[in-house]
Amino acid sequence: MKKTIAAITIGITLLLTANKGMAGTITLYDGNSGVTPNNYTSSPWLTFASANNVSPYTLSTQAVNSSNKSTTLDSSSADSIYAGYSNYNLPILVNSSFPTLDRNAGYQLTFTVKINSQANDGTNGANRSGFSVIALSSDKKGIEIGFRTSDIFSQADYKFQSIGEQVTSSTVSNIATLLGNLTTYDLNISGNTYTLSSGTTTLLNGALRDYTSASGSYTGVYKIPNFIFLGDDTTSAQANIDLANVSLTTPVPFETSETVSIAVLGAFGGLNYWLRKQKSKQLKN
């Protein structure tokens with residue numbers, strides 16, 4: 001009898017926890033759509049912005065690249081250009097359904113990009129890149145990663161004057177090939193650490209940073225929770241890149257559906273009836 005009760009209890013427990021640990025993926029941009037990221041679906045997840053504070057105030061361009069199903073973002077006409085895609089149309093979210101980026105629960109930003117050209121010849125060019133990806137969690141801790149034609153690196157701290165973790169041809173022999181082709185990268189955030197990988201190859205991993213003390217033009221974005229950005233965010237570099245896909249994977253909160261609730265109630269009711277029936281038999285005996 002005890003074994004039977006244990007089996008029923010385990011069954012109910014499994015039913016209750018069946019949906020826990022599930023993950024949900026949101027496609028923020030799909031290059032196969034034939035549109036730019038800011039026009040993807042009727043309720044896009046990303047917005048496009050370009051700025052230049054230096055005369056003649058040339059801006060970047062974005063255009064659908066039908067040859068490889070991507071969008072070409074070009075900020076190569078001037079180092080002073082800022083340009084890229086973000087989930088914020090400051091100061092509000094582009095799409096109010098954007099999920100919370102809880103680093104303790106973990107999340108993954110996946111993107112496919114090709115670096116066509118890149119020049120980091122500005123004042124602080126040695127420590128910057130023409131294409132960067134930023135992911136900031138709900139508590140604003142996160143990571144910024146720079147992509148050039150022959151290396152990938154993290155920004156060491158909020159001063160942006162030194163490189164953190166870095167991968168070059170001396171550590172990954174085909175890094176230039178990866179960067180020169182449409183390559184899919186997974187940026188995983190978990191707890192206090194991040195990992196950047198491509199397929200089964202780990203490219204970078206290290207501790208998350210706090211960039212909230214950054215100062216200068218447009219650095220207020222580092223004080224925004226649940227923030228992502230893909231593009232050129234420095235006046236020390238420029239790039240021409242193809243962006244093909246962007247997606248976000250986060251844990252799905254556990255919500256008991258009506259069907260599951262009915263099943264659980266039925267299971268508990270059945271267990272209660274069976275126990276009363278067994279007790280009645282024992283009393284008769």
Side-chain angles (χ1 to χ4, degrees), residues 75 82 84-87 101 103-104 106-115 118-120 122-176 178-180 183-216 218-219 221-239 241 243 246 248-249:
S75 65
Y82 296 92
Y85 305 98
S86 168
N87 63 325
L101 302 182
R103 62 185 176 88
N104 292 311
Y107 59 93
Q108 176 178 289
L109 180 66
T110 299
F111 51 96
T112 302
V113 66
K114 175 187 177 186
I115 311 299
Q118 197 275 164
N120 48 302
T123 303
N124 188 34
N127 305 304
R128 301 295 273 159
S129 66
F131 177 76
S132 295
V133 173
I134 304 172
L136 302 180
S137 307
S138 55
D139 63 353
K140 305 172 190 176
K141 287 187 178 180
I143 196 69
E144 176 171 343
I145 297 178
F147 295 75
R148 300 190 286 212
T149 54
S150 59
D151 69 323
I152 304 173
F153 63 93
S154 66
Q155 291 293 336
D157 56 40
Y158 69 89
K159 295 179 181 179
F160 304 108
Q161 294 181 351
S162 58
I163 286 175
E165 298 78 33
Q166 184 179 30
V167 57
T168 65
S169 58
S170 63
T171 51
V172 175
S173 59
N174 66 333
I175 189 64
L178 290 177
L179 290 162
T183 299
T184 299
Y185 301 91
D186 295 317
L187 176 58
N188 276 283
I189 307 292
S190 180
N192 294 314
T193 62
Y194 80 92
T195 301
L196 179 74
S197 59
S198 177
T200 59
T201 302
T202 297
L203 300 172
L204 299 173
N205 71 310
L208 297 180
R209 271 64 162 190
D210 184 342
Y211 299 117
T212 55
S213 296
S215 60
Y218 307 110
T219 56
V221 296
Y222 296 102
K223 298 177 176 63
I224 298 174
N226 304 308
F227 177 80
I228 63 170
F229 172 85
L230 304 97
D232 179 353
D233 68 345
T234 177
T235 58
S236 292
Q238 54 184 265
I241 65 98
L243 184 64
V246 184
L248 180 67
T249 302

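Side-chain atoms are counted along with the backbone in the values below, which use heavy atoms only and exclude waters and symmetry mates.
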With the side chain counted from C-beta on, respond yes when [X] and [Y] share a heavy-atom pair under 4.5 Å apart, and no when they do not.
X: Asn120; Y: Ser129; value: no
X: Glu144; Y: Asp233; value: yes
X: Leu204; Y: Tyr194; value: yes

Please say whether more than 12 non-hydrogen atoms of neighbouring residues, nucleotides or ligands are located less than 6.0 Å from [atom1] in [X].
X: Tyr218; atom1: OH; result: yes
X: Lys223; atom1: NZ; result: yes
X: Asp157; atom1: CG; result: yes

**OP:** Taking atom types as modelled, find out whether Gln118 and Thr149 have a side-chain donor-acceptor pair closer than 3.5 angstrom.
**Re:**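 Side chains of Gln118 and Thr149: no pair found under 3.5 Å.
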Original post:
Are Asn127 and Ser162 close enough that a side-chain donor and a side-chain acceptor fall under 3.5 Å?
Top reply: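 On atom types as modelled, these side chains do not qualify, holding no pair under 3.5 Å.
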Starting at [atom1] of [X], measure out to [atom2] of [Y] and round the result to the nearest 0.5 Å.
X: Tyr185; Y: Leu109; atom1: OH; atom2: CG; value: 13.5 Å
X: Asp210; Y: Leu136; atom1: CG; atom2: CG; value: 9.5 Å
X: Gln108; Y: Ser197; atom1: CD; atom2: OG; value: 7.0 Å
X: Thr123; Y: Gln161; atom1: OG1; atom2: CD; value: 10.5 Å

Subject >> Residues in side chain to side chain contact (heavy atoms under 4.5 Å, CB included) contact with Ser137, at least two apart in sequence or another chain >> reply: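 Ser137: side chain to side chain contact (heavy atoms under 4.5 Å, CB included) contacts with Arg103, Tyr107, Asp139, Ile189.
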Any side-chain to backbone donor/acceptor pair from [X] onto [Y]? Under 3.5 Å, distance only.
X: Asp151; Y: Thr168; value: no
X: Asn87; Y: Ile228; value: yes
X: Ser190; Y: Gly106; value: no

**OP:** Determine the sole option in Leu179, Asp232, Ile145, Leu230 for which the side chain to side chain contact (heavy atoms under 4.5 Å, CB included) test with Phe131 is passed.
**Re:**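 Checked Leu179, Asp232, Ile145, Leu230 against Phe131; only one passes side chain to side chain contact (heavy atoms under 4.5 Å, CB included): Leu230.
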If you compare all heavy atoms of [X] against all heavy atoms of [Y], which two are closest, and at what distance to 0.1 Å?
X: Thr234; Y: Arg128; value: OG1-NE, 3.3 Å
X: Ile143; Y: Ser154; value: CD1-CB, 4.0 Å
X: Ser75; Y: Gln238; value: O-CB, 3.3 Å
X: Gln155; Y: Tyr211; value: O-OH, 2.8 Å

Original post:
Is it true that Tyr85 and Phe111 have ring centroids separated by less than 6.0 Å?
Top reply: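 No - the distance between ring centres of Tyr85 and Phe111 does not fall below the 6.0 Å cut-off.
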Original post:
Would a line drawn from the ring center of Tyr222 to the ring center of Phe160 be shorter than 6.0 Å?
Top reply: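 That pair passes the under 6.0 Å test.
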